[in-house]
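Some notes on the structure that comes next.
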There are 2 protein chains.
Amino acid sequence: MKKDFECTQESYAREVLREKGLKSTAQRLAVVHVLHTSRKSLSVGEIHDRVKDMLGTTGLATIYRTLEMFEGLGIVKRLHFPDGGHGYAFSQGEHVHHMVCVDCRGVFDFPECPVENFDYASVEKQGFRVKNHFIQLFGQCVKCAEAA
Amino acid sequence: MKKDFECTQESYAREVLREKGLKSTAQRLAVVHVLHTSRKSLSVGEIHDRVKDMLGTTGLATIYRTLEMFEGLGIVKRLHFPDGGHGYAFSQGEHVHHMVCVDCRGVFDFPECPVENFDYASVEKQGFRVKNHFIQLFGQCVKCAEAA
DNA sequence: TATCAAATGAGAATAATTTTCAATTGGGCT
DNA sequence: AGCCCAATTGAAAATTATTCTCATTTGATA
Ligand SMILES: [Mn+2]
Ligand SMILES: [Mn+2]
Ligand SMILES: [Zn+2]
Ligand SMILES: [Zn+2]
């Protein structure tokens, strides 16, 4: 495949894929490219459209398959919106949470984990063992706040 | 409607509904009953089935309408699972987060908010204004841990 | 008890996601 | 560079999830 685009994010994805014995297909790398060059989270449909712009024909099922796989690999994060919709954002593996603008769906990293050293003792004593967590902050970005 | 069931949760729901000028229909109260008597979160389909058991015929659209409304009123909380599915759990308005068992989808309240007095300064200085948040803890409940 | 806006049910209509399977292709091996 | 083949893809059908429409019903108020 021709690489009009290539950067640390694509190389990172290639690396993760190779380690797992998975193929670095044009479609997969295009999804990475589309996501990491977007400052807003994208819906499956939006990702599909942009990948088609890059590669010509592309099956929607491939986008779904790729996103599910990437989420498992920690390459993308699925976000949940109040209206019930979902968005996807690039996420380079490290433990990071996101803030999303409820107006433009813009995504902003939130590196400090609020529950990093939170004491689950009170609740684990009831027997529940916490394994991981999902945190998403909602708010307004600068641009949308000004536009309002 | 006949009230074979009635408890603080139902009264609470009636109260909230009345305050908003909304009707306390048999369907709405049945949804409350079904949710608060379940220790696991329920999918829309499961809620529909159980409400039908209670009331006989009930439209699926009504369940969707009720859940959306209840979520807005803070009576129920929508949970998101790794497999992409959603579950609903009773939630009595106060600010509470949940722990869910990834095996049985059991729900457990987590009253202490981990970000209660978290300092968003570092990120708000970039302009983003945090308005609210969503937190969900994943893990295993006692029963499922033993069964494993 | 009459009234009427709010709410419901049934089913059609959309949207979202998954499955199937034949055709294509990335990457390892000459 | 060409071969091989399991992994991957595309297209369309099949499911599943959610919303919409509108005629009918019903809760709350007087
Ligand atoms: Mn965290
Ligand atoms: Mn979700
Ligand atoms: Zn914004
Ligand atoms: Zn469990």
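First the proteins, then the strands, lettered A, B, ... as listed; each starts at 1. Model, not experiment: these values are computed from the prediction.
From one end of the helix from dT1(C)-dA30(D) to dT30(C)-dA1(D) to the other, with five pairs defining each end axis, the axis direction shifts by 50° (rounded to 10°).
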Is there any protein nitrogen or oxygen under 3.5 Å from a nitrogen or oxygen in nucleotides 12-15 of chain C, and what are the pairs?
none

Just the atom pairs and distances: protein N or O near nucleotides 10-14 of chain D's N or O, under 3.5 Å.
| unit_1 | atom_1 | unit_2 | atom_2 | d |
| --- | --- | --- | --- | --- |
| dG10(D) | OP1 | Gln27(A) | NE2 | 3.2 |
| dG10(D) | OP1 | Thr57(A) | O | 3.4 |
| dG10(D) | OP2 | Gly59(A) | N | 2.9 |
| dG10(D) | OP2 | Thr62(A) | OG1 | 2.7 |
| dG10(D) | N7 | Arg65(A) | NH2 | 2.8 |
| dG10(D) | O6 | Arg65(A) | NH1 | 3.4 |
| dA11(D) | OP1 | Thr57(A) | OG1 | 3.4 |
| dA11(D) | OP2 | Thr57(A) | OG1 | 3.0 |

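The side chain of Arg28(A) contributes an N or O atom lying less than 4.0 Å from OP1 or OP2 of dT9(D).
Distance, Glu68(B) CD to dA6(C) P: 17 Å, rounded to whole Å. Here the C1' atom of nucleotide dA16(C) and the NE2 atom of His48(A) are 14 Å apart, to the nearest Å. Summarising the geometry, the separation between CZ on Arg78(B) and C1' on dT18(D) is reported as 10 Å, rounded to the nearest angstrom. In this structure, His80(B) places its NE2 atom 16 Å from P of dA17(D), rounding to the nearest Å. For the pair Lys20(B) NZ and dA28(D) C1', the interatomic distance rounds to 19 Å; values are reported in whole Å. Here the C1' atom of nucleotide dG26(C) and the CZ atom of Arg14(A) are 11 Å apart, to the nearest Å. Between the CG atom of Leu22(A) and the P atom of dG28(C) there is a distance of 12 Å, given to the nearest Å. If you take CG of Leu17(B) and P of dA6(C), they are 15 Å apart, rounded to a whole angstrom.
Ion pairing between a basic and an acidic side chain is recognised when a charged N comes within 4.0 Å of a carboxylate O; Arg18(A) and Glu15(A) show such pairing.
Atom-to-atom distance recorded for Cys113(A):SG and Ile135(A):CD1 is 5.0 Å, nearest 0.5 angstrom.
Taken together through direct or relayed side-chain contacts under 4.5 Å among Ile, Leu, Val, Met, Phe, Trp and Tyr, Val100(A) and Leu42(A) form parts of separate hydrophobic clusters.
At least one donor-acceptor pair under 3.5 Å links the side chain of Ser41(B) to the backbone N or O of Arg105(B). With hydrogens and angles ignored, the 3.5 Å screen pairs no side-chain donor or acceptor of Ser38(A) with any backbone N or O of Leu35(A). Lys20(B) places no side-chain N or O within 3.5 Å of a backbone atom of Leu73(B) that could act as its donor or acceptor partner. Looking only at distances, a side-chain donor or acceptor of Arg28(B) sits under 3.5 Å from a matching main-chain atom of Lys23(B).
Side-chain contact between His98(A) and Leu137(A) is absent, with no heavy atoms from C-beta onward closer than 4.5 Å.
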Let's go through Phe108(A) and Phe110(A) carefully: what are the C-alpha distance in whole Å and the side-chain angles of both, what is the deciding distance for ring-ring contact (aromatic ring centres under 6.0 Å, His included) to 0.1 Å, and is it a yes or a no? CA-CA 6 Å; Phe108(A) 303 83; Phe110(A) 188 72; over 10 Å; no
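A donor and an acceptor atom, one from each side chain of His97(A) and His133(B), are nowhere located under 3.5 Å apart. Of the N and O atoms on the side chains of His33(B) and Glu10(B), at least one donor lies less than 3.5 Å from an acceptor on the other residue.
Checked against dT18(C), dG27(D), dT9(D), the side chain of Lys23(B) finds its nearest nucleotide in dG27(D). With dT17(C), dA7(C), dT18(D) as the candidates, the nucleotide lying closest to the side chain of Tyr64(B) is dT18(D).
Judged by closest nucleotide on DNA chain C, Met69(B) is the one of Asp83(B) and Met69(B) placed further toward the 5' end. Between Arg18(B) and His86(B), the residue whose closest nucleotide on DNA chain D is further toward the 5' end is His86(B).
Between Phe134(A) and His80(A), the distance from one ring center to the other falls under 6.0 angstrom.
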